[in-house]
2 protein chains.
Amino acid sequence: MKKDKISEVTTNRLSLYLRCLTEAGAAGAETISSQAIAERLHLNSAQIRKDLVQFGEFGRRGLGYSVPTLCEHLTRVLGLDKEHRFCIIGAGRLGTALADYYGFRNTNFTVTALFDTDKQKIGKKIGHIKILDMKNFADTVKRDNIEVAVVAVPAEHAQAALDLAADAGIRAVMNFAPVPLKAPVDIRLRTVDLTTSLESLAYFLAQPARRDRKRKPANGRSNNK
Amino acid sequence: MKKDKISEVTTNRLSLYLRCLTEAGAAGAETISSQAIAERLHLNSAQIRKDLVQFGEFGRRGLGYSVPTLCEHLTRVLGLDKEHRFCIIGAGRLGTALADYYGFRNTNFTVTALFDTDKQKIGKKIGHIKILDMKNFADTVKRDNIEVAVVAVPAEHAQAALDLAADAGIRAVMNFAPVPLKAPVDIRLRTVDLTTSLESLAYFLAQPARRDRKRKPANGRSNNK
DNA sequence: TGATGTGAAGCGGTTCACAGCC
DNA sequence: GGCTGTGAACCGCTTCACATCA
């Protein structure tokens with residue numbers, strides 16, 4: 001049964017399914033069961049069937065899912081059949097690191113610009129990406145059809161950066177600044193707080209260690225969870 | 001009422017509360033209400049009270065919480081009253097970027113080592129952190145009392161890296177490799193998948209835009225959720 | 001028989017609403 | 001009156017269990 005309210009955890013898993021299917025396809029699999037996907041991803045098979053059926057009945061009872069057709073469907077569902085452009089706001093340590101990291105990868109998600117307000121940095125290049133003046137942000141976003149912004153500025157400027165992005169027509173924002181932001185409803189916001197993530201691990205270090213050694217499945221999120 | 005099963009979402013929020021309290025304290029606040037914290041973090045005030053009461057009844061009815069005492073309590077609860085050391089496994093683009101990012105920050109969480117297997121990289125320095133041979137991993141971890149490992153190796157080597165970390169006595173792992181890992185129960189694992197996070201945002205780009213402009217609160221997680 | 005699609009149950013976290021205390 | 005601590009209601013996601021179909 002199709003649904004229209006898709007949660008963030010679901011879309012995150014869809015991306016994992018697609019990666020899994022691509023690998024299975026490369027290994028020559030023609031068909032795959034929800035059970036097989038579940039084992040690879042340490043998930044429950046019912047979960048996977050429930051996720052997939054929200055977009056159509058792609059499976060065949062007794063057979064499983066056709067790897068190539070499911071790949072196609074998921075690619076389209078996730079909007080990965082189109083080229084997407086994103087920019088990074090903030091050319092500090094984290095911003096340049098992310099530009100370097102994402103800039104290198106070769107998917108249909110490409111970094112096309114890196115912005116800063118610091119005159120010292122403007123004009124320099126990180127890999128093949130030039131650092132642009134934040135003054136030209138809105139114009140560049142519109143001219144280059146940039147859809148997503150990654151916010152990598154200090155906490156105190158993050159909300160302003162998001163607001164500028166919203167005004168320029170950006171539709172989704174990934175925030176690395178350690179501060180909770182407010183976004184208009186039509187903007188999709190995701191915050192990844194590298195400091196908090198690390199600090200909250202510290203809590204478990206303070207707990208007494210348990211010396212039993214059984215394996216347990218682990219979450220695939222994180223981010224998204 | 002005290003509890004002993006603390007969830008990851010809760011510890012994540014504790015870290016946010018601490019940050020918020022530190023700011024409030026710096027601004028001269030002696031006392032703060034759950035409502036005030038809730039507004040800053042875009043959370044529900046009952047949520048905050050429920051979180052805090054798991055570690056003791058720190059508040060005074062009619063008054064709120066004492067900023068300095070709550071700070072102390074949270075710092076101790078999160079284990080941030082002690083120095084923690086962590087290392088990064090993998091000195092590729094992401095690993096060096098993270099070393100650079102975390103290495104610069106000045107908290108009681110410090111990067112003390114960066115590991116790789118590539119002879120070309122071993123011996124070089126990223127900031128003030130030297131790249132060490134993965135062969136010396138276990139020895140270094142034990143000698144330097146490293147408690148946390150950040151995994152930043154290619155997906156196909158991530159499980160092996162985690163296993164090595166577990167054997168060396170590491171208690172918590174933050175995984176940046178885009179692959180679901182299995183960890184022993186006594187190891188705390190958190191995965192941050194930068195590719196999936198970005199890709200799953202693409203789903204929303206494919207949805208029809210809604211042109212109403214009301215502000216809505218946004219998640220502070222993460223990550224982690 | 002094998003694997004999907006799905007109603008129902010289960011579970012954990014969030015919010016409400018209010019009693020209790022300052 | 002103000003604000004905490006908390007039982008109850010709520011909500012959404014996950015898992016179970018099974019009817020259904022190839």
Side-chain angles (χ1 to χ4, degrees), chain A residues 1-14 16-17 24 29-39 41-67 69-70 73 180 200 216-222 224-225, chain B residues 1-14 16-17 21 24 29-39 41-67 69-70 73 180 200 216-225:
Chain A
M1 186 201 301
K2 296 215 185 185
K3 251 183 68 176
D4 48 10
K5 199 64 184 171
I6 306 298
S7 78
E8 194 170 298
V9 275
T10 305
T11 56
N12 248 318
R13 280 195 301 265
L14 293 183
L16 294 175
Y17 300 159
E30 262 302 305
T31 186
I32 196 165
S33 69
S34 60
Q35 184 59 38
I37 301 175
E39 274 159 23
L41 300 180
H42 315 311
L43 294 173
N44 179 293
S45 66
Q47 172 104 82
I48 292 164
R49 296 196 297 277
K50 276 238 154 85
D51 282 344
L52 294 179
V53 88
Q54 295 187 326
F55 302 96
E57 305 203 355
F58 303 136
R60 297 229 186 137
R61 300 179 194 222
L63 267 166
Y65 301 87
S66 152
V67 173
T69 35
L70 189 51
H73 278 297
S200 91
K216 66 146 195 192
N219 67 337
R221 180 203 323 212
S222 149
N224 324 210
K225 161 161 54 106
Chain B
M1 188 202 301
K2 297 214 184 187
K3 253 184 70 177
D4 48 9
K5 199 65 183 169
I6 306 298
S7 78
E8 194 170 300
V9 276
T10 305
T11 57
N12 248 317
R13 280 195 301 263
L14 292 184
L16 294 175
Y17 300 160
L21 286 163
E30 261 303 304
T31 186
I32 196 166
S33 69
S34 59
Q35 184 59 38
I37 302 175
E39 273 159 23
L41 300 179
H42 314 311
L43 295 172
N44 179 294
S45 67
Q47 173 104 80
I48 292 165
R49 295 196 297 276
K50 277 239 154 87
D51 282 343
L52 294 178
V53 88
Q54 294 187 331
F55 303 96
E57 306 203 354
F58 303 135
R60 298 230 185 135
R61 301 179 193 220
L63 268 167
Y65 301 87
S66 151
V67 173
T69 33
L70 190 51
H73 279 297
S200 90
K216 67 146 194 192
N219 66 338
R221 181 199 321 209
S222 316
N223 341 109
N224 16 117
K225 145 148 84 100

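By convention in this document, chain letters (A, B, ...) are assigned in the order of the sequence lines, proteins followed by strands, and residues within each chain are numbered from 1. All figures in this text were calculated on a predicted structure; none of them were measured in a lab.
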Taken in chain and number order and not counting sequence neighbours, the residues that satisfy side chain to side chain contact (heavy atoms under 4.5 Å, CB included) with Glu39(A) are Gln35(A)
Closest non-hydrogen atoms of Ile32(B) and Ala24(B), given as atom of the first, atom of the second and distance, are CD1-CB, 4.0 Å
Among dT15(D), dT14(C), dG5(D), the one nearest any side-chain atom of Arg13(B) is dT14(C)
Scanning both residues in full, the closest heavy-atom pair of Tyr65(A) with Phe58(A) reads CD2-C, 3.8 Å
Rounded to whole Å, the OH-P distance (Tyr17(A) to dT4(C)) equals 12 Å
Output for pair (Thr10(A) OG1, Gln54(A) CD), nearest 0.5 Å, gives 5.5 Å
CG (Leu14(A)) and NE2 (His73(A)) are apart, to the nearest 0.5 Å, by 13.0 Å
So CG of Leu16(B) and CD1 of Ile37(B): to nearest 0.5 Å the spacing works out to 11.0 Å
Select base, sugar-phosphate, or nothing to describe what Ser34(A) touches, counting heavy atoms under 4.0 Å on all strands. sugar-phosphate
Per-nt protein contacts along nucleotides 17-22 of chain D (heavy atom under 4.0 Å; B base, S backbone sugar-phosphate only, - none) come out as B--BBS
With the side chain defined as heavy atoms from C-beta on, Asn44(A) is closest, among dT15(D), dG5(C), dG5(D), to dT15(D)
Looking only at heavy atoms, the pair that brings Asn44(A) and Ala38(A) closest together is C-CB, 4.0 Å
Here the distance between atom P of dG13(C) and atom CG of Leu43(B), to the nearest Å, is 15 Å
When rounded to whole Å, the CD to C1' distance for the pair Glu39(A) and dA3(C) reads 13 Å
Rounded to whole Å, the CD1-P distance (Ile48(B) to dT6(D)) equals 16 Å
With sequence neighbours left out, the residues meeting salt bridge (charged side-chain N to carboxylate O under 4.0 Å, His left out) with Arg13(B) are Asp51(B)
*Taking only side-chain nitrogens and oxygens of Tyr65(B), does any of them come within less than 4.0 Å of OP1 or OP2 of dG2(D)?*
no
From CD1 of Ile37(B) across to C1' of dG5(D) the rounded distance in Å is 15 Å
The bend of the helix from dT1(C)-dA22(D) to dC22(C)-dG1(D), taken between the axes of its five terminal pairs at each end and rounded to 10°, is 0°
To the nearest angstrom, the CG-C1' distance between Asp51(B) and dG13(C) comes to 10 Å
Taken to the nearest whole Å, CZ/Phe55(A) to C1'/dG5(C) is 15 Å
Here the distance between atom C1' of dC11(D) and atom CD of Gln47(B), to the nearest Å, is 13 Å
Under 3.5 Å, which protein N or O atoms sit close to an N or O of nucleotides 8-12 of chain C? Give each pair with its distance.
residue, atom, partner, partner atom, Å
dA8(C), N6, Lys50(A), NZ, 3.4

Distance col, row Ser33(A):OG vs Arg60(A):CZ, nearest 0.5 angstrom, shows 15.5 Å
Thr31(A) meets the side chain to side chain donor-acceptor pair (under 3.5 Å) criterion, sequence neighbours left out, with none
*Quick one: does Tyr17(A)'s side chain get under 4.5 Å of Leu70(A)'s, heavy atoms only?*
no
